[in-house]
Structures are given as C-alpha cells and as structure tokens.
A.B. asks: 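The structure that follows is given in the form of structure tokens.
Count residues from 1 along the sequence.
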Amino acid sequence: MRRPQTIDTHLYARPDPVVVAMILATKGQDAAQERWHWCEPRTIATLARIGRARSGMAPQGTRVRVSALTGREAIAVEAAYVLDSLQAVDIAMGVPIASTRSALQARGLPVTRTAAARSVEGKLSRRILRGDETAVAADALSL
C-alpha cells in the first residue's frame with residue numbers, strides 16, 4: 001500500500017547532497033542550518049560530504065602541511081647522501097631515523113640507501129649483537 005502524500009512530505013524532504021554541499025561552500029553552515037532546520041547539523045555535514053564526492057568538489061578541511069626544515073634536519077638530509085645510511089646520521093648527529101626519512105620525503109627525495117647497503121649493515125648489526133669484536137671495530141671505521 002502506498003503512503004499518502006502530505007504537505008510535510010514535500011516540505012520536509014531529504015535535501016539533495018549536491019545542493020547541500022554548494023550551500024555550505026558558498027553561504028556557510030548557518031545558512032544551511034537555517035534552510036534545512038529539521039536536519040541535525042551532523043546530518044547536514046554528512047550530506048555535504050556526499051555531495052562534494054558526487055560533484056567532484058575538494059573535501060572540506062584538507063590542508064597541505066608545509067613545514068620548513070630546521071637547520072639540523074637540512075644538514076641531516078645532506079649527511080644521509082654523504083654517509084648513505086640513515087642510521088649513520090642518527091649515530092653521528094643524533095637526528096632520529098624517522099626525522100631524517102620524513103625530511104627526505106618532505107623534499108620529495110628518495111631514501112638514499114641501496115639494498116646492498118642495507119644488507120651489509122644488517123649483517124654487521126647482527127654480528128655486533130652476537131658480540132663479534134671485529135664487527136664492532138668495522139662499524140666504528142664505517143662511520
């Protein structure tokens with residue numbers, strides 16, 4: 001059986017998500033809340049997100065994070081290329097590996113280490129953990 005049409009059905013209809021996104025982008029949250037007063041603010045935000053996705057609008061609240069490198073991180077980037085090892089930069093300068101890696105990525109630079117260098121360093125570190133004195137000396141010489 002079909003539901004009877006009333007004026008409330010037309011008056012309080014669910015808003016079109018693309019229209020909600022356009023109103024929010026051009027007029028703001030207050031205008032959207034006033035226009036669709038029967039909808040919760042969370043519902044309006046959800047409809048706007050759906051509308052932005054359907055219409056290809058940029059998502060709201062996205063910001064490109066740009067941070068200038070400190071002098072120490074900039075030197076760490078240069079040292080990573082000279083030493084060919086993020087761990088060596090950590091030991092030599094005290095700049096954590098994650099910081100150097102993120103500084104390289106922020107500049108759009110690849111992480112400098114080759115697979116061969118990682119393999120040699122891994123073998124050397126395992127020898128050091130086993131207590132091999134010659135490995136400790138070789139590690140000190142490689143820095």
A.B. asks: What heavy-atom pair brings S55 and V18 nearest, and what distance separates the two atoms?
C.D. replies: CB-CG1, 4.2 Å
A.B. asks: Please find the pair of heavy atoms, one from V77 and one from A103, that lie closest to each other, and give the distance.
C.D. replies: CG2-CB, 3.7 Å
A.B. asks: Ignoring hydrogens, what is the shortest heavy-atom contact between P17 and R54? Give both atom names and the distance.
C.D. replies: CG-NH1, 3.5 Å
A.B. asks: Where is the tightest heavy-atom contact between A80 and T100, given as atom of each residue plus distance?
C.D. replies: CB-CG2, 4.2 Å
A.B. asks: Would you compute the distance between atom CD1 of I23 and atom CG of D30 and round it to the nearest 0.5 angstrom?
C.D. replies: 13.0 Å
A.B. asks: Return yes if some donor-acceptor pair links the side-chain N/O of E73 with the main-chain N/O of L104 below 3.5 Å, else return no.
C.D. replies: no
A.B. asks: With rounding to the nearest 0.5 angstrom, report the CD1 to OG distance, I97 to S102.
C.D. replies: 12.0 Å
A.B. asks: If I compare all heavy atoms of P15 with all of L47, which pair ends up nearest, and what's the gap?
C.D. replies: CG-CD1, 3.6 Å
A.B. asks: Verify side chain to side chain contact (heavy atoms under 4.5 Å, CB included) between R35 and V19, making sure each step is shown before the conclusion.
C.D. replies: CA-CA 11 Å; R35 181 166 181 177; V19 174; 4.3 Å; yes
A.B. asks: Minimum heavy-atom separation for A32 to L24, with atom names?
C.D. replies: CB-CD2, 3.9 Å
A.B. asks: For side chain to side chain contact (heavy atoms under 4.5 Å, CB included), just list the numbers for W38 and T43, CA-CA rounded to whole Å, side-chain angles, deciding distance to a tenth of an Å, and then say yes or no.
C.D. replies: CA-CA 10 Å; W38 64 92; T43 304; over 6 Å; no
A.B. asks: Does the R72 side chain pair with the main chain of M93, one donor and one acceptor, at a distance under 3.5 Å?
C.D. replies: yes
A.B. asks: Around Q29, counting heavy atoms of other residues, nucleotides and ligands shown, do more than 12 lie under 6.0 Å from its CD?
C.D. replies: yes
A.B. asks: Side chains of D90 and V95, heavy atoms from C-beta outward: is any pair under 4.5 Å?
C.D. replies: no
A.B. asks: Just so I know, are the side chains of M22 and K27 near enough to count as touching, which here means a heavy-atom distance under 4.5 Å?
C.D. replies: no
A.B. asks: Quick one about T134 and R127 (side-chain donor to acceptor, distance below 3.5 Å, no hydrogens or angles considered), yes or no?
C.D. replies: yes
